[in-house]
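This report refers to the structure that appears directly beneath it.
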Amino acid sequence: MSESKTTRTLTGRVVSDKMDKTVTVLVERRVTHPMYGKIVTRSKKYHAHDETNECSEGDLVLIEECRPISRTKSWRIAKLVEKARAA
């Protein structure tokens with residue numbers, strides 16, 4: 001059987017890396033308000049699995065949907081797009 005399923009991917013910023021092998025990723029999307037037409041920012045946080053603990057706060061990451069790993073975790077880090085700039 002061929003692997004033709006497309007997995008959902010999202011891009012977001014790591015806001016917390018305090019857990020072991022887990023990061024919290026904030027994903028922001030811009031949508032048009034249905035009544036007023038103004039573009040508003042909607043955001044949602046996802047827990048993502050980070051097997052090697054390589055991601056730190058402020059990193060830009062690509063996450064992909066996977067099977068449930070825990071009660072709140074069903075996403076995994078697919079790619080580290082950009083490391084956080086040192087202040």
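Small disclaimer: the values here were computed from a predicted structure and weren't measured.
- Nearest approach of Thr11 to Val27, heavy atoms of both residues: O-CG1, 3.7 Å.
- Rounding to the nearest 0.5 Å places OG of Ser74 at 11.0 Å from CZ of Arg67.
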Test side-chain contact (heavy atoms from CB on, under 4.5 Å) on Val23 and Ile77 and set out the steps.
CA-CA 9 Å; Val23 291; Ile77 302 286; 3.7 Å; yes
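- For Lys79, there are no salt bridge (Lys or Arg N to Asp or Glu O under 4.0 Å) partners at least two apart in sequence or on another chain.
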For Ile69 and Trp75: C-alpha separation, side-chain torsions, deciding distance, then whether side-chain contact (heavy atoms from CB on, under 4.5 Å) applies.
CA-CA 8 Å; Ile69 297 167; Trp75 294 81; over 6 Å; no
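- Contact check for Lys21 versus Asn53: side-chain heavy atoms found under the 4.5 Å cut-off.
- In this structure, Val31 and Val40 have side chains that are in contact, with non-hydrogen atoms separated by less than 4.5 Å.
- Taking the side-chain contact (heavy atoms from CB on, under 4.5 Å) definition, one finds that Lys44 meets it with Tyr46, sequence neighbours left out.
- Criterion: ILVMFWY side-chain heavy atoms under 4.5 Å apart, direct or through other members. Under it, Leu80 and Leu60 are not part of a common hydrophobic cluster.
- Side chains of Lys38 and Thr32: a donor-acceptor N/O pair is absent below 3.5 angstrom, by distance only.
- We find that Arg42 and Glu28 are not joined by a salt bridge, their nearest charged nitrogen and carboxylate oxygen being 4.0 Å or further apart.
- Summarising the geometry, atom SG belonging to Cys55 is positioned 11.5 Å from atom NE2 belonging to His49; distances are rounded to the nearest 0.5 Å.
- If you take CG on Asp17 and CD on Glu54, they are separated by 12.0 Å, rounding to the nearest 0.5 Å.
- To the nearest 0.5 Å, atoms CG (Leu10) and CG (Leu26) are separated by 11.5 Å.
- In this structure, Asp59 and Arg13 have side chains that are not in contact, with every pair of non-hydrogen atoms separated by 4.5 Å or more.
- In this structure the side chain of Met19 reaches within 4.5 angstrom of the side chain of Thr24, judged on heavy atoms.
- For Lys83, the NZ atom counts as densely surrounded, since its 6.0 Å shell holds more than 12 non-hydrogen atoms of other residues, nucleotides or ligands.
- A donor atom on one side chain and an acceptor atom on the other are found under 3.5 Å apart for His47 and Thr72.
- With respect to the salt-bridge test (charged N to carboxylate O, under 4.0 angstrom), the residues Arg76 and Glu64 qualify.
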Between Val25 and Val61, is a side-chain contact (heavy atoms from CB on, under 4.5 Å) present by the stated rule, with each step listed?
CA-CA 8 Å; Val25 181; Val61 293; 3.9 Å; yes
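- Taking the side chain as every heavy atom from C-beta outward, Glu57 and Lys18 approach each other to under 4.5 Å.
- Under the rule for a salt bridge (Lys or Arg N to Asp or Glu O under 4.0 Å), Arg29 has no partner lying at least two apart in sequence or in another chain.
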